[in-house]
2 protein chains.
Amino acid sequence: MEQKSLKMFCHLAQTLHFGKTAEAHHVSASTLSRAIQRIETELGCELLLRDNRSVVLTEAGQQFLQFAQQQLAQWQSLQLALNDQQTQLQGKLHIFCSVTAAYSHLPSLLDSFRQQHPLVEIMLTTGDAADAFEQVQQQAVDLAIAVKPETLSRMFHFQALAQIPLAVIAPTMACQVQQAVNQSVIPWANIPMILPEHGVARKRFDYWYRRKQQGKPNIYATVAGHEALVSMVALGCGVGIAPKVVVENSPVKDRVQYLEGVGDIAPFELGICCLNQSREQSLIQAFLRAI
Amino acid sequence: MEQKSLKMFCHLAQTLHFGKTAEAHHVSASTLSRAIQRIETELGCELLLRDNRSVVLTEAGQQFLQFAQQQLAQWQSLQLALNDQQTQLQGKLHIFCSVTAAYSHLPSLLDSFRQQHPLVEIMLTTGDAADAFEQVQQQAVDLAIAVKPETLSRMFHFQALAQIPLAVIAPTMACQVQQAVNQSVIPWANIPMILPEHGVARKRFDYWYRRKQQGKPNIYATVAGHEALVSMVALGCGVGIAPKVVVENSPVKDRVQYLEGVGDIAPFELGICCLNQSREQSLIQAFLRAI
DNA sequence: AATCGTTGTTGCAAATTTTGCAATGATACG
DNA sequence: CGTATCATTGCAAAATTTGCAACAACGATT
C-alpha cells in the first residue's frame, strides 16, 4: 500500500513528529520510520532531517510533499470520476451477522445502506458470533457485524456501532430457582447457572461471577447461542446471562425476569468488522461511511 | 510496489495479453492477473474485459490508463528533479566482489562508474564467491559481482556481464601427473584431481567428469578458492579446473598448462546481482545502467 | 463431435515482506 | 546525574505475495 506511505508522509510533514503521525495512522512508530526510510532510499535522498529532538523537512522533502499531495489528489479524483460514471455503486456485498446483532442493529443498518445504494446486492449470512471474524478472515464475507473480542488481530478493522447491555436473567415461573433468587441474600453457590459455552459472553460471565467471591458456580448447563440460553432459563433450569435484546425478542420473554442489583456486567461492544486490507474497496468504504 | 502494478497495467493495456505482459515484467501470469484484480476491487470497477479469447479495455480502464501514465510520469519527473538538484548522485555503495570477478571485470566496471558518478563512495569487499549472494541477501552489501548459480532465488536480480571460460590445468614440471596427462589416452581414473570444494565450480567439475564415464575420480584434494587450486596444480599435486582469468593472473602461471581437447566445460556466467527489492534505489539503478 | 492448444483464473504451500515489541542510543530537562 | 522523550534497529511473528499446478472456457483442428 504505497498510498498509505504517501498519506503518512503528508501527515508527518505537518506534525513533524513520528509518534503522533504513527498513532494517527494506527501503526507503530517503527513502521512509520521504516516507511519513510523506504521512500528515502528509493529516492536516493533524505526527505527529513531527524536530529533526535526535532524533525524538519529538507528541500527534497518539500518537493516530495508536493508530489505526494498531487498523487493522492489524482487518486481521489480518479475514484470520484469512476464512481460518478457508474452513477451508482453496484456489486455484491457479503455480510456476516451474528445472531445477537441481527436482532438489534442489522435492520437499521441495512435500511440506511440500501437507501443510499439501491443497486448493491446484499448477501447476508447469519451464524454464530464466534465465526464472524473467521468468516471475514477467510474472505468468505466482506463485512461482519459482531461483538468485539478482547483481543483483535491487527489484520482487522473494527468500527464500533453500539453497546449491547447484558443482563442476569432468572425464570418467573414458580420453581426452586425462582425461590432462591428471591431471597434477600442470594446464595449464588447453590443456584444452578446456565453458561454461554464460549466466546465473549463466557468471558463476561466468568468475570462477573468471580467478583462475587462465591467459589465455583453451580453449573447446570453450558449452551451455545444466546437464544437457547434464554429458553433454558425460561424453563426454570437456572440463572444465566444474556444480551437484553435477545431477551426482548425472545418468544419466552414473559417467562424470564431481570435480576437487578446483582453486579454490573460490561456490555458487548457491537461493531462492524472487515479486513484492514479491504478498507480501500469502494463498496466497503461506502458501507462503513453509510453507517 | 504499487508502482510496478501501474507499469504492468500500462503494458497490458497495450498488448492486451496477460501472458506477454507477465513475461515482459518477469512475473508469472497469475501474479499479473492478481495485481489487476487488486486494482479492480480497490477501484470497485472492472478495468479489462477478459472473455477468454481476447482482452479489451473498458471505459474505466481507459481512464485508469491515463491516470496510471500520469502517476508514473510524475514519479519520473520527481526523480529527475531531485537528481538534478543534487547535481550528482552521491552516497555510499557497498559492493561485494568474488575473487574471480575481481581479476576479470571489476576494474573496468568501477572505472566507468566512478567516471560517471565521482561523488559516490564505493566500499568494496572481496571474498569467497559462494558468499556473494548471502551478503546481498543480508543487505550487508548493495551489489555483488559474482558467478550465477544454477538456481537463483527470485529474490535476486541478476544481470549478466560476461562469460568466464574455465580450463582444465595440469602442472608443467616433470612429475607423475605431468607424464600421465601426456599420454595419448589419458587414464582419468588414475590421475589425482584437485577439486573446488563447493560452489558453482564444483558443479561444473562434477558434470565435466561424469561425462568421461571413468568411474569415480581420484581425488587428491579439495580446495576452497581458485587461486589455491591453481597453486596446488602448479606444485604437481594433480589436475584441476579453474577459470582462465585466475590462471592468467596467477604468479605460478608458467608452471601450469592448459589441457586441450579434454571435453568442454560450460563457462561461468559472471554478472552483477542485487535484491530485486533494491532495484528502485537510485544509486543501484545508476550502477546497473552504468555497466 | 472429440481432442488439442491457448489463455486467464484459482487453491495452496512456500517465499518474501512488513510489522510491532523490546532494547538502544542520543539528547533535553529537572 | 538521573529521568523522560523520541527516533531507530534487531528480531521473531504475522501478513502478504508469488509461482506452480490444476482448472475452466473456448476456438481450432482432426
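Just so we're on the same page: letters track the sequence lines, and every chain starts at 1. None of these values were measured; they are calculated from a predicted model.
One atom, CG of A:Leu152, and another, P of C:dT19, lie 17 Å apart when rounded to the nearest Å. Taking atom CG on A:Asp51 and atom P on C:dG25, their separation rounds to 19 Å, with Å as the unit. For A:Glu2 and D:dT17, the CD to P distance is 13 Å, given to the nearest whole Å. When rounded to the nearest whole Å, the span between CD1 of B:Ile36 and P of D:dT17 equals 14 Å. The distance between atom NE2 of A:His25 and atom P of C:dT18, rounded to the nearest whole Å, is 18 Å. Whole-Å rounding puts the A:Gln138 CD to C:dT10 C1' distance at 16 Å. With rounding to whole Å, B:Glu46 atom CD is found 13 Å from C:dG8 atom C1'. Distance B:Ile39 CD1 to D:dT17 P: 12 Å, rounded to the nearest Å.
In summary, the side chains of B:Gln3 and A:Glu2 do not present any donor paired with an acceptor at a separation below 3.5 Å, with no hydrogens or angles considered.
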| request: Quick one, give me the B/S/- string for nucleotides 8-16 of chain D, reading 5' to 3', where B means a protein heavy atom under 4.0 Å from the base and S means that only happens at the primed atoms, P, OP1 or OP2. | output: SBBB---SS
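Annotation: side chain of B:Arg202 is in contact with side chain of B:Thr222 (closest heavy-atom distance under 4.5 Å). Using a 4.5 Å heavy-atom cutoff, the side chains of B:Phe9 and B:Phe67 are not in contact. A:Leu109 has its side chain out of reach of A:Ile95: every pair of non-hydrogen atoms, C-beta onward, lies at least 4.5 Å apart. A 4.5 Å side-chain heavy-atom check between A:Gln163 and A:Glu269 finds at least one atom pair inside the cut-off.
A salt bridge (charged side-chain N to carboxylate O under 4.0 Å, His left out) check over residues 22-42 of chain A, counting only residues at least two apart or in different chains, returns the pairs A:Glu40-A:Arg50.
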